[in-house]
Amino acid sequence: MSDDAQTPEGVRPEVAAAVGDWRAYVEAKIGFRNHWYPVRFSNELVEGQLITVQVLGEKLLLKRIDGKVYAIRDRCLHRGVPLSRKPDCYTKDTITCWYHGYTYRFQTGELVNILAVPDSRLIGRRKIQSFPVQEAKGLIFVFIGDLDPVPPLNQDVPPGFLDDDVMILGKHRVVNSNWRLGAENGFDALHIFIHKDTTLRHFRTFNFPIGHTPLPGAVKTVEDADGPKGVIDDFAQHKPIWDGEIDGRVVVRGPRSQQVQGTSASVGTSIWLPGVLKVESFPMPGLTQFEWYVPLDAKTHLYVQTIGQQVQTDEERTEFANNFESIYKPHGLDGFNADDIWAREVTEPFYADDYGWVDEMLCEPDTTILAWRKLASRANRGIQTPQDLR
Ligand code: FES
């Protein structure tokens, strides 16, 4: 076998064969297709605006027309150039390729005209690929795949995210690591060690051990046919470690308060297909953090960080928005999660050639990560491959 041999999914075959029942996860280098992914916040795309986004290696054009968002592939059928290189929109619902005039309708992807060849036999008979779009909770979700019918969005988001009384605010940024390192960083029970100096301790009173190991029963998988598929890790069933010792001397202590019993109040995490984390009671009691690791390509992901709070009144909405800007975003999404981003990017080289999946040396708390890899491998709706981008 040559050094650069790869499976159709672009993975080294000996690695894919070695990992057993989570092979599909290793093969999902650019993500799982036939799922919904958030790509931008709704307020980032105003009426008539055209933007480009990348998801699972697909380059898309998004446009809001009469309030509704449409997505088509950013590649002309004629000679394959990106339409976004010089967008020519002569009508509100079409885009004309800048090169030779092929013209597509955003709503359907249909080739509706070739301006310089108006009697072409191709007109009305060809389509550029279009993608289903749905907006929810202030986010624009795009379905990447070809399933028909398209599964409902509520099967691809964590329980509670779409609840009527939950208000969602957030931000996004590009992280230079594969999406799986993002997902595993978030769900990794042991990674709490990196957060021992968090500035969040100045804003809430909580107990934050330097490590914790799930006890039997802490980790559960959820695979209901009509619901989201995920793994839940209940922190209440963990054995915490508060102090780190070397040669009998305490060298590290986790933040610990006399006012709070147990570990980190009711914090628990869960991860759901296609790669979205839910952290309860975080970054403050009464809040829930939902965050996506959206594959852009094999080496980068869009980190979509959101915080949700139940609100009943306009006053509560305003208060949540103010706290989000003054506390939750700077000290949670920016401060606390900065360490996570840094860790993912530094981990990337080890896994970039695939061998990290077999060379890693996991330990006891990492059973949570293995549970996620196995669940994702058996419950996904398909693997995005380089061939899907042709
Ligand atoms: Fe687009 Fe020719 S490449 S019209």
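Remember, it's 1-based here, ligands and their atoms both numbered in the order they're listed. None of the values given here were measured: they were computed from a predicted structure.
- Aromatic rings of F143 and W36 (six-membered ring for Trp) have centroids within the 6.0 Å cut-off, being under it.
- Among R381, R33, K229, the single residue meeting the salt bridge (Lys or Arg N to Asp or Glu O under 4.0 Å) criterion with D156 is R381.
- Tested against R105, the residues T94, D93, T91, N113 include a single side chain to side chain donor-acceptor pair (under 3.5 Å) partner, D93.
- Both tests pass for R344 against the ring of Y303: distance under 6.0 Å to the centre and angle within 45° of the axis.
- Ring geometry for F320 against Y328 counts as tilted: the plane angle lies between 30° and 60°, on a 0 to 90° scale.
- Ordered by chain and number, H78 ND1, H100 ND1 make up the set of protein N, O or S atoms under 2.8 Å of atom 2 (Fe) of ligand 1.
- You'll find the ring centres of Y37 and W292 outside the 6.0 Å limit.
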